[in-house]
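Labels below follow one simple rule: chain letters A, B, ... track the order of the sequence lines, proteins then strands, and each chain is numbered from 1.
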Protein chains: 2
Amino acid sequence: MPHAAQRRPLRADAQRNYDRIVSAARDVFARDGAGAALKEIARQAGTGSATLHRLFPSRRTLLEAVFHDRVEDLCAMAARRAAENEPGPALLAWLGDLNAYASASRGLAASLLQDGRDADLLEQNEGCQAMITNAVRGLLRRAQQAGAVRPGIRAEDLLALINAISLATEHHDDGEQADRLLDIAIQGIRGQAV
Amino acid sequence: MPHAAQRRPLRADAQRNYDRIVSAARDVFARDGAGAALKEIARQAGTGSATLHRLFPSRRTLLEAVFHDRVEDLCAMAARRAAENEPGPALLAWLGDLNAYASASRGLAASLLQDGRDADLLEQNEGCQAMITNAVRGLLRRAQQAGAVRPGIRAEDLLALINAISLATEHHDDGEQADRLLDIAIQGIRGQAV
DNA sequence: ACCTGAACACCGTTCAAGT
DNA sequence: ACCTGAACACCGTTCAAGT
């Protein structure tokens with residue numbers, strides 16, 4: 001049962017198509033990557049392609065719908081890391097969470113973090129981009145106040161860096177490379193003593 | 001005048017097409033990014049599309065031809081950095097060179113560094129991938145012997161990281177983000193005292 | 001030997017016509 | 001209100017026919 005964040009409720013048949021498309025998209029994105037053919041998704045969902053384009057005006061909208069729940073989990077995890085750890089370790093551990101998720105979903109989440117220049121998605125502050133940005137901002141602010149992080153580091157930079165790592169390691173047999181790159185990044189983020 | 005690295009010399013008209021295609025590709029890749037339409041390149045070169053596909057069996061082959069000279073420059077620069085600096089600074093400075101180049105070419109070079117699983121391109125050790133890998137290996141070995149770099153870092157990781165940064169910042173108005181990310185990476189690479 | 005343009009099987013997106 | 005499938009303008013790649 002997907003989440004119910006809809007402007008106004010859809011007619012029953014429209015909602016059915018919506019759900020089928022999201023479900024098909026989950027499979028096809030996982031199989032073919034974030035650049036998968038939308039027509040193939042519509043085909044597997046058993047709907048016309050125009051239906052897909054009306055319900056999801058851009059590829060990004062569809063990705064948002066597919067990953068919304070997971071991103072919520074990630075933000076909940078951020079709160080838990082903050083509650084259970086010192087500020088520095090909380091941030092670093094959560095960057096590990098984010099990286100693990102991004103790697104597991106074959107860099108798909110990365111497609112969400114990129115740019116984010118989708119007018120109406122920014123207005124309503126619900127997009128995955130906004131949710132994740134808020135989560136990392138909170139962790140980063142506390143870590144900076146504790147002096148656990150080098151000065152001059154921005155929240156967007158941290159997201160971009162994890163994003164970058166999962167993008168670059170997406171097509172790679174060496175599954176551990178993402179971990180090694182994250183390790184380098186973390187060493188570059190932390191202050192003298194953590 | 002492009003480089004002359006050809007298995008066997010082409011017939012005059014073939015060579016003319018080869019040069020025209022590389023020249024058109026340089027423009028179109030710069031304008032549309034590394035995913036640009038090959039048909040558009042053939043069109044702008046004034047050749048049939050089959051000619052392009054025969055001369056350059058894969059998109060990667062064409063990218064190699066376009067960037068070969070610049071990559072040679074970069075490798076020459078690596079030698080200069082090594083000659084003029086201490087091992088640690090030489091490596092870090094050259095990573096800056098690589099990043100500057102990758103950003104300037106809108107992440108195009110990144111497409112070259114990725115994967116590199118192109119059978120015949122690896123056999124003959126001339127590919128851009130191999131040239132750059134050799135360059136960074138040399139710099140890294142010396143820096144590691146000098147203790148200027150954290151242990152456990154691999155040459156492929158450094159390339160992947162720069163690759164990642166230019167990929168992730170390719171579509172970004174904030175031109176300085178690549179620099180900030182490189183800075184984080186460099187702090188993560190260097191040892192205690194450099 | 002090498003080139004060309006048409007041909008084929010695909011895209012993403014839109015639009016008339018249906019219910 | 002919502003859906004559908006055909007239509008359009010594009011791809012990448014291949015192949016017959018040309019010189």
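B:Phe29 contributes atom CZ, which lies 6.5 Å from atom CG of B:Leu38 (distance to the nearest 0.5 angstrom).
Scanning both residues, B:Ala160 and A:Leu181, for their nearest heavy atoms gives CB-CD1, 4.0 Å.
Across the protein-nucleic acid pair, A:Leu55 atom CG and D:dC3 atom P stand 6 Å apart, rounded to whole Å. Residue B:Ile21 contributes atom CD1, which lies 12 Å from atom C1' of C:dT4 at whole-angstrom precision. In this structure, CZ of B:Arg16 is placed 14 Å from C1' of C:dT4, rounded to the nearest angstrom. When the C1' atom of C:dC3 is taken as reference, atom CG of B:Leu52 falls 13 Å away, rounded to whole Å. Separating the CZ atom of B:Phe56 from the P atom of C:dC2 is a distance of 14 Å, rounded to the nearest angstrom. With rounding to whole Å, B:Gln15 atom CD is found 15 Å from C:dC3 atom C1'.
Here A:Arg150 pairs with B:Asp183 in a salt bridge; the nearest charged N to carboxylate O distance falls below 4.0 Å.
Applying the salt bridge (charged side-chain N to carboxylate O under 4.0 Å, His left out) criterion to A:Arg180, with sequence neighbours excluded, gives A:Asp174, B:Asp157.
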N/O contacts under 3.5 Å, protein versus nucleotides 12-15 of chain D?
{"unit_1": "D:dG12", "atom_1": "OP1", "unit_2": "B:Leu38", "atom_2": "N", "d": "2.9"}
{"unit_1": "D:dG12", "atom_1": "OP1", "unit_2": "B:Arg59", "atom_2": "NH2", "d": "3.4"}
{"unit_1": "D:dG12", "atom_1": "OP2", "unit_2": "B:Leu38", "atom_2": "N", "d": "3.1"}
{"unit_1": "D:dG12", "atom_1": "OP2", "unit_2": "B:Lys39", "atom_2": "N", "d": "3.0"}
{"unit_1": "D:dG12", "atom_1": "N7", "unit_2": "B:Lys39", "atom_2": "NZ", "d": "3.3"}
{"unit_1": "D:dG12", "atom_1": "O6", "unit_2": "B:Lys39", "atom_2": "NZ", "d": "3.0"}
{"unit_1": "D:dT13", "atom_1": "OP2", "unit_2": "B:His53", "atom_2": "ND1", "d": "3.3"}
{"unit_1": "D:dT13", "atom_1": "O4", "unit_2": "B:Lys39", "atom_2": "NZ", "d": "3.2"}

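Phosphate contact (OP1/OP2 of D:dC3, side-chain N/O of A:Asn17, threshold under 4.0 Å): present. Remark: B:Arg54 is in phosphate contact with C:dC3, judged by side-chain N or O atoms under 4.0 Å from OP1 or OP2.
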What pairs of donor and acceptor atoms, side-chain ones from residues 74-90 of chain B against any protein atom, are under 3.5 angstrom apart with sequence neighbours left out?
{"unit_1": "B:Arg81", "atom_1": "NE", "unit_2": "B:Asp97", "atom_2": "OD2", "d": "2.8"}
{"unit_1": "B:Arg81", "atom_1": "NH2", "unit_2": "B:Asp97", "atom_2": "OD1", "d": "2.8"}
{"unit_1": "B:Arg81", "atom_1": "NH2", "unit_2": "B:Asp97", "atom_2": "OD2", "d": "3.4"}

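Look at C:dC11: it lacks any Watson-Crick or wobble partner with both distances under 3.5 angstrom. With a cut-off of 3.5 Å on both Watson-Crick or G-U wobble distances, the partner of C:dA16 is given as D:dT4.
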Exercise for review: Dump the intermediate steps for side chain to side chain contact (heavy atoms under 4.5 Å, CB included) on A:Thr47 and A:Leu55, then the final yes or no.
Suggested key: CA-CA 11 Å; A:Thr47 91; A:Leu55 257 22; over 6 Å; no

**Study point:** Pair A:Arg11-A:Arg16, side chain to side chain contact (heavy atoms under 4.5 Å, CB included): steps then yes or no
**Key:** CA-CA 9 Å; A:Arg11 216 174 64 176; A:Arg16 209 157 41 93; over 6 Å; no

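As judged by a 4.0 angstrom heavy-atom cut-off over every strand, B:Arg43 is placed among residues touching the sugar-phosphate backbone only.
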